[in-house]
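Have a look at the structure below, then the notes.
Each residue takes its place number in the sequence, starting with 1. FYI, side chains are in, hydrogens and waters are out, and symmetry mates aren't considered; it's all heavy atoms of this structure.
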Amino acid sequence: MSTDNKKQMHIIAQLPSGQGIEQGGWRWPGADKAAFINEDVYVKGAQLAEKGKLDGFFLTDSPGIYVDMTKMPPHHSLDPLMLTALMAKATEHIGLITTMSTSLHEPYNIARAMRSLDLMSKGRAGWNVVTTGAAPVLLNYYPEILNHDEKHARSTEVWEAVLKLWGSWHKDALKLDVETGLFADSSLIQPINYKGKYVTTRGPINMPPSQQGMPVIFTAGGGNYGYEFATTKADAMYSNPPTLEYAIAFWKSMAASIRQAGRNPDQFTVFNGIGVSIASSEKEALERRAALDELGDPKSRWQYLGYMLNIPTSGIDPDKPIPAELLKRAYPSPSDQRSQYAYDLVKKGFTVREVLAHGPINYHPIFLGTPESIADKFQQWFEAGVGNGFSVVPDSGLDSLTDFVEQVVPILQKRGLLRTAYIGSTLREHLGLPYQNGLPEQKVIATSAK
């Protein structure tokens, strides 16, 4: 079977709040109700991802509360660095991608923490570079909200300073020569004396590079700055495409911009966020999702569906199709690209519960049905050209991730779309990236956000 990176998809796994994609997942039968503070759930998730020969396990970070905790747990409460350190000791191959915001941390803190993880995991770390704009998080660190443009300009400086710090310890500096007594060549470990407008750091870093040099650079940022950062500075990007058509167009644009920046799009992966609900039939999968919806906040979901279709939903029987007189007035909202899918579903006569179970208002597109049909969907997207990668989010935690690894992954492997064995030991090797330690010479450093 081929193991060519260009011919196979890349997949990373997620477990938001330790429970999956649905806000009521903590109430699902058999679920760990306190999974959001149970480190074993995340470690087992990483081990499952490794069992499936996936590229990595991805952790976002939300050091604050901005959800209604009367109905659901907070997002990502446990420190992701501590979790990934535990994962590193419990796994051997899986990549470990963790988030450290450039708005909340200084360059040396990031450089030291991420290099520690990279060494502890023997070259399997990835740094998800994001800025932070949510007030409930920012106000835990600053007395007021950060200026938008300054926040992005600072992010560019932090990224540059971190990579320079990593490069301040040359790969040949560490000697460990017992006979001569030479521990390291200090001429290859030098301060960087970085002085930007927003951050300053002397350096050098106090640790050598890992087997892969430095962590793989991910980004999950949106908007113009996030796009520019991805195309000029990152190795991979986390994306939430509302539709397949959007994902195709986004990757075409990204690939062109990456080439314009003098980089190789074959060495860049877009990880499209996909929710999965696996069952023995599509009908059973829809019933499963409807049951999960009921455990969350179904009324707010009905209201948002009404917003997407520009009709009121109060008084509508959720177990019946949209009444004909309302359906005549409905049209997809131009402000939400998912609305067309919702509109198509109601036009087919599905009930409100059934429409929502299909996932048109979910943050991620939902692949639901049998393992075979879900594998078909992944193959369809992959072959359509969406950037080669997927970030899989199960609907109900470890049980759903187990089903994906044990039922969907073998089908993709049998089709030659996914590796059956790791052919390298580092995350860079998993993603087909070369060794790197510091700023590559061909990159032009931006001095301000665009």
Side-chain angles (χ1 to χ4, degrees), residues 10-23 25-26 35-39 41-43 45-46 49 54-67 69 72-88 94-105 110 113-114 117 124-138 140-141 151 155 158-159 215-223 225-226 229-230 234-241 269-276 362-365 389-395 397-398 401 427:
H10 297 289
I11 299 180
I12 56 179
Q14 285 185 268
L15 275 180
S17 300
Q19 68 178 13
I21 198 173
E22 300 299 339
Q23 69 179 54
W26 66 277
F36 78 110
I37 51 171
N38 186 347
E39 72 281 4
V41 169
Y42 293 92
V43 171
L54 306 189
D55 293 272
F57 194 93
F58 179 56
L59 288 170
T60 60
D61 189 22
S62 300
I65 295 176
Y66 55 93
V67 298
M69 288 183 59
M72 62 187 296
H75 293 307
H76 314 291
S77 294
L78 294 175
D79 189 303
L81 276 168
M82 292 187 181
L83 285 177
T84 45
L86 289 172
M87 293 174 185
I94 194 76
L96 304 170
I97 303 108
T98 191
T99 300
M100 289 195 77
S101 170
T102 56
S103 304
L104 309 181
H105 302 283
I110 296 173
M114 292 305 308
L117 176 62
R124 294 185 282 132
W127 173 30
N128 181 38
V129 182
V130 298
T131 59
T132 299
V137 175
L138 279 176
N140 289 331
Y141 293 82
K151 177 182 67 175
S155 182
V158 171
W159 167 84
V216 175
I217 303 298
F218 283 70
T219 186
Y225 177 79
F229 185 93
D235 304 303
M237 184 179 195
Y238 182 82
S239 177
N240 286 303
T269 305
V270 173
F271 286 94
N272 299 275
I274 302 292
V276 293
N362 278 78
Y363 190 58
H364 304 75
F390 302 96
S391 184
V392 173
V393 192
D395 62 6
L398 283 175
L401 182 57
L427 180 54

Quick one: [atom1] on [X] to [atom2] on [Y], what's the gap to the nearest 0.5 Å?
| X | Y | atom1 | atom2 | result |
| --- | --- | --- | --- | --- |
| Leu78 | Ile37 | CG | CD1 | 7.5 Å |
| Trp26 | Ser17 | CH2 | OG | 12.0 Å |
| Asp61 | His76 | CG | NE2 | 8.5 Å |
| Ile97 | Ile12 | CD1 | CD1 | 4.5 Å |
| Met100 | Trp127 | CE | CH2 | 8.5 Å |
| Gln14 | His364 | CD | NE2 | 5.5 Å |

Would you please test Val41 and Gln19 for side chain to side chain contact (heavy atoms under 4.5 Å, CB included) and show each step? CA-CA 9 Å; Val41 169; Gln19 68 178 13; over 6 Å; no
Is it true that atom OH of Tyr363 has more than 12 heavy atoms of other residues, nucleotides or ligands lying nearer than 6.0 Å? no
Does any part of the side chain of [Y], heavy atoms only, come nearer than 4.5 Å to the side chain of [X], both counted from C-beta?
| X | Y | result |
| --- | --- | --- |
| Thr131 | Ser103 | yes |
| Thr132 | Lys151 | no |
| Leu83 | Val43 | no |
| Phe218 | Leu427 | yes |
| Phe57 | Thr84 | no |

Verdict with supporting geometry, Phe58 and Phe271, side chain to side chain contact (heavy atoms under 4.5 Å, CB included): CA-CA 11 Å; Phe58 179 56; Phe271 286 94; over 6 Å; no
Is the side chain of [X] donor-acceptor paired with the backbone N or O of [Y] at a distance under 3.5 Å, no angle test?
| X | Y | value |
| --- | --- | --- |
| Asn272 | Ser391 | no |
| Thr102 | Ser155 | no |
| Asn128 | Thr98 | no |
| Asp235 | Ile217 | yes |
| Arg124 | Ile94 | yes |
| Thr99 | Leu59 | yes |

Do you know which two heavy atoms are closest between [X] and [Y], and how far apart they sit?
| X | Y | result |
| --- | --- | --- |
| Gly273 | Pro365 | O-CD, 3.2 Å |
| Pro63 | Val137 | CG-CG1, 3.6 Å |
| Ala35 | Gly18 | CB-O, 3.4 Å |
| Ser77 | Pro74 | OG-CG, 3.1 Å |
| Val158 | Ile110 | CG1-CD1, 3.7 Å |

Evaluate side chain to side chain contact (heavy atoms under 4.5 Å, CB included) for Asp55 paired with Thr269, printing each intermediate quantity in order. CA-CA 11 Å; Asp55 293 272; Thr269 305; over 6 Å; no
Among residues at least two apart in sequence or on other chains, which ones pass side-chain contact (heavy atoms from CB on, under 4.5 Å) with Asn140? none
Sequence neighbours excluded, the answer for side-chain hydrogen bond (donor to acceptor under 3.5 Å, both in side chains) partners of Ser239 is none
Derivation and outcome, side chain to side chain contact (heavy atoms under 4.5 Å, CB included), residues Thr219 and Met237: CA-CA 5 Å; Thr219 186; Met237 184 179 195; 4.0 Å; yes
Sequence neighbours excluded, which residues qualify as ring pair (Phe, Tyr, Trp, His ring centres under 6.0 Å) partners of Tyr42? none
